[in-house]
Amino acid sequence: MSGASDDRARTGPAGPARDEPFYTIGQVATLLDVPQAQLRRLDELEVVQPERSTGNQRRYSQDEIDTLREVIELTDEGVTLPGVRKVLELRRRVDELEQQLASKAGEAGEVSGDRKGD
DNA sequence: ATTCTTACA
DNA sequence: TGTAAGAA
């Protein structure tokens, strides 16, 4: 029941460690050292779309910050936004396939009725 | 005060 | 890409 995910973003270092702390666009911009306009543009270009909350304000999760770092690095190296979009898409694809492989791995050799000492 | 959208240079 | 006006 502690749904503090739409009111305030984490402010200081001595804050309660929630599951997913959210940050305002200003904090992200300062943290990553990029203009807020660029973050808004990334949102418009479907590269990284943060959640919206009270007043239609963007709320970036730690996960988005992580993605943002990668995106900024790629764009900084000359990758176009559409290109970055593709990279992120592939990244998600890889993540999904890895999960599937993990499921299969756990499925093989570990049945409910583990009968090894037959 | 901070952020949001739209528009312009 | 960076900045401005006007609203929330």
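Lettering follows sequence order; numbering is per chain, from 1.
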Do [X] and [Y] have side chains that approach each other closer than 4.5 Å (heavy atoms only, starting at C-beta)?
{"X": "A:Thr24", "Y": "A:Gln57", "result": "no"}
{"X": "A:Glu98", "Y": "A:Asp95", "result": "yes"}
{"X": "A:Arg59", "Y": "A:Ser53", "result": "yes"}
{"X": "A:Leu68", "Y": "A:Tyr60", "result": "yes"}
{"X": "A:Gln100", "Y": "A:Ser103", "result": "no"}

Just to be sure I understand the geometry, which residues of residues 31-39 of chain A put a non-hydrogen atom under 4.0 Å away from DNA chain C?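 Under 4.0 Å from DNA chain C: A:Pro35, A:Ala37.
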If you take any heavy atom closer than 4.0 Å to DNA chain C, which residues from residues 65-76 of chain A end up in contact?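 Hits under 4.0 Å, by residue number: none.
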Check the pair A:Ile65 / A:Tyr23 against side-chain contact (heavy atoms from CB on, under 4.5 Å), numbers first and verdict last. CA-CA 9 Å; A:Ile65 310 261; A:Tyr23 300 85; 3.9 Å; yes
Nucleotide range of DNA chain B lying under 4.0 Å from chain A heavy atoms: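 In short, chain A contacts DNA chain B from B:dT3 to B:dA7.
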Could you name each residue pair satisfying salt bridge (Lys or Arg N to Asp or Glu O under 4.0 Å) that touches residues 34-44 of chain A, not counting sequence neighbours?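 For residues 34-44 of chain A, and leaving out neighbouring residues, the salt bridge (Lys or Arg N to Asp or Glu O under 4.0 Å) pairs sorted by first residue read A:Asp43-A:Arg52, A:Asp43-A:Arg58.
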Checking A:Glu51 now: which residues fulfil side chain to side chain contact (heavy atoms under 4.5 Å, CB included) with it, not counting sequence neighbours?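 With sequence neighbours excluded, A:Glu51 shows a side chain to side chain contact (heavy atoms under 4.5 Å, CB included) to A:Phe22, given in chain and number order.
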Tell me, please, which residues at least two apart from A:Leu101 pass side chain to side chain contact (heavy atoms under 4.5 Å, CB included).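 None.
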Linked hydrophobic residues, A:Val94 as query - side chain contacts closer than 4.5 Å: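 Members besides A:Val94: none; it forms no cluster.
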By nearest heavy atom, map A:Gln57 and A:Arg41 onto DNA chain B; which one lands nearer the 5' end?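 Its nucleotide being nearer the 5' end, the pick is A:Gln57.
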Result block: side-chain N/O donor-acceptor pairs under 3.5 angstrom for residues 72-82 of chain A, not counting sequence neighbours:
residue, atom, partner, partner atom, Å
A:Thr75, OG1, A:Val71, O, 3.0
A:Thr75, OG1, A:Ile72, O, 2.8
A:Thr80, OG1, A:Gly83, N, 3.4

From the 5' end of DNA chain C to its 3' end, which nucleotides mark the outer limits of contact with chain A, defined by a 4.0 Å heavy-atom distance cut-off (strictly under)?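 For DNA chain C, the relevant span reads C:dT1 to C:dT3.
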Let me check something: any side-chain donor-acceptor pairs from residues 84-92 of chain A under 3.5 Å, sequence neighbours excluded? List them with distances.
none

